[in-house]
Protein chains: 2
Amino acid sequence: MSSKPDQEMLEKKMAEFEPACRNAGLKLTHQRLEIFRELAQALDHPSAETLHNRLRRRLPTLSLDTVYRTLAIFEKHRLINKVETVESQGRYEADIGRHHHAICRLCGAITDFSWSFFDEAQLPEVVKGWGRVDRKSITLHGLCRKCAHSGA
Amino acid sequence: MSSKPDQEMLEKKMAEFEPACRNAGLKLTHQRLEIFRELAQALDHPSAETLHNRLRRRLPTLSLDTVYRTLAIFEKHRLINKVETVESQGRYEADIGRHHHAICRLCGAITDFSWSFFDEAQLPEVVKGWGRVDRKSITLHGLCRKCAHSGA
DNA sequence: CTAAATGCAAAATTTTTGCAGTCCC
DNA sequence: GGGACTGCAAAAATTTTGCATTTAG
């Protein structure tokens with residue numbers, strides 16, 4: 001459903017990230033670049049802790065609280081996205097384009113999918129009265145193929 | 001967007017809850033009944049802690065961990081729903097019927113809405129390969145009317 | 001009766017904060 | 001150089017667990 005971003009794609013994302021970061025008034029520190037890079041190449045919507053573990057190999061002094069702070073500030077400026085989830089741990093993604101999520105209730109894996117029919121549909125009238133909608137996304141819950149086959 | 005459930009509605013929900021609970025093989029304890037009742041009459045998708053605070057007036061010995069355990073087991077048996085959220089605190093609702101959520105990024109309020117057009121739409125082909133979908137829901141993010149008007 | 005549920009206390013997990021030192025712009 | 005950022009440590013917030021006691025069925 002999602003395809004592995006290759007090196008070329010990753011460099012493109014990094015190239016877009018730098019000006020976006022400056023635009024947001026954020027300083028381009030080594031840590032921020034690496035945290036974004038790690039998230040951008042991740043396929044699994046990692047948590048802060050997961051990212052920290054992966055980054056420690058490259059950045060042994062990187063602290064977990066910096067990862068938390070950085071993800072929070074990236075999200076605030078919409079450079080990344082925090083996934084709507086039912087888990088206790090927050091999960092993040094670098095892809096802020098229109099897409100949706102399917103979550104497996106067994107293995108917890110989050111998979112992206114697109115659905116332009118929905119993206120282009122007008123929200124129902126009743127929502128108009130609620131306020132200003134900035135984003136809309138779908139979350140599917142169920143069993144991924146792998147878990148469904150492993151006798152659940 | 002949602003209407004206040006009156007006393008009659010609440011009693012109906014309680015009447016439906018009891019057999020559903022037994023069906024799930026769960027014992028009908030005083031605490032469980034009161035936790036469900038409190039959630040069923042709540043309009044704000046409360047957290048475990050919020051529910052506990054509200055219930056303490058009536059049940060002074062009710063412990064927070066029982067609230068956590070009870071909500072978790074209710075959700076496991078699909079007697080209640082845990083809302084997909086970006087917050088660190090889990091939020092719950094007794095309404096397990098088809099509906100969707102609009103979340104205000106300022107005040108954090110969660111509002112329900114319905115959209116049968118979406119509910120009845122076929123998911124895109126690409127999802128078929130993912131696995132078995134049990135539930136699908138929409139989350140809107142933005143500013144509720146009140147927060148939008150208070151100059152955000 | 002008996003297995004399940006509760007309350008208490010303690011721990012584990014996840015996230016946030018204060019502050020001194022460091023680094024980008 | 002100065003304000004933003006980081007790392008460290010500590011704390012806060014949220015959720016989970018072990019165990020003795022109580023309770024529903």
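No experiment lies behind these values; they were computed from the predicted model shown. Here is how names work: the chains are called A, B, and so on, in the same order as the sequence lines, proteins then strands, and each is numbered from 1.
Put simply, the residue from Ile80(A), Leu71(A), Thr29(A) that forms a side-chain contact (heavy atoms from CB on, under 4.5 Å) with Ile35(A) is Leu71(A).
Contact check, Arg22(A) against dC25(C): a side-chain N or O comes under 4.0 Å of OP1 or OP2. The side chain of Gln31(A) places no N or O atom within less than 4.0 Å of a non-bridging phosphate oxygen (OP1 or OP2) of dC24(C).
The six-membered or imidazole ring of Phe36(B) lies away from that of Tyr92(B), with a centre-to-centre distance of 6.0 Å or more.
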Working note: Phe118(B) + Phe117(A), criterion ring-ring contact (aromatic ring centres under 6.0 Å, His included); need CA distance, chi angles, decisive distance, verdict. CA-CA 10 Å; Phe118(B) 170 80; Phe117(A) 170 73; 9.4 Å; no
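No side-chain donor-acceptor contact under 3.5 Å links His141(A) to the backbone of Ala102(A). Side-chain atoms of Arg132(A) do not come within 3.5 Å of backbone N or O of Gly142(B) as any donor-acceptor pair.
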Can you name the atoms? Protein N/O to nucleotides 1-3 of chain C N/O, anything below 3.5 Å, with the distance.
from, atom 1, to, atom 2, distance (Å)
dA3(C), N3, Lys27(B), NZ, 3.2

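Atom pair Tyr68(B):OH and dG7(C):C1' shows a separation of 16 Å (rounding to whole Å applied). Atoms CD (Glu34(B)) and P (dT6(C)) sit 12 Å apart, rounded to a whole Å. Distance, Leu71(B) CG to dT6(C) P: 11 Å, rounded to whole Å.
In this structure the side chain of Leu140(A) never reaches within 4.5 angstrom of the side chain of Arg135(B), judged on heavy atoms. Two residues are said to be in side-chain contact when any heavy atoms from C-beta on lie closer than 4.5 Å; Ile103(B) and Thr139(B) meet this criterion.
Backbone-only contact: Arg32(A) has heavy atoms under 4.0 Å from sugar-phosphate atoms and none from a base.
Salt-bridge annotation for Arg105(A) and Asp134(B): present, with a side-chain N of the basic residue lying under 4.0 Å from a carboxylate O of the acidic one.
Arg54(A) and Ala42(A) get closest at one heavy-atom pair: NH1-CB, 3.8 Å.
Between Ser88(B) and Leu26(B), it is Leu26(B) whose nearest contact on DNA chain C lies nearer the 5' terminus. Nearest-nucleotide mapping onto DNA chain D: of Asp65(B) and Ile35(A), the residue sitting toward the 5' end is Ile35(A).
For CZ of Arg78(B), the number of neighbouring non-hydrogen atoms (other residues, nucleotides, ligands) closer than 6.0 Å is greater than 12. Residue Arg57(B) places its CZ atom among 12 or fewer non-hydrogen atoms of other residues, nucleotides or ligands, all under 6.0 Å distant.
Rounded to 10 degrees, the angle separating the terminal axes of the helix from dC1(C)-dG25(D) to dC25(C)-dG1(D) is 50°, with each axis obtained from five end pairs.
From the 5' end on, the contacts that DNA chain D makes with chain B at under 4.0 Å to a non-hydrogen atom open and close at dT14(D) to dG25(D).
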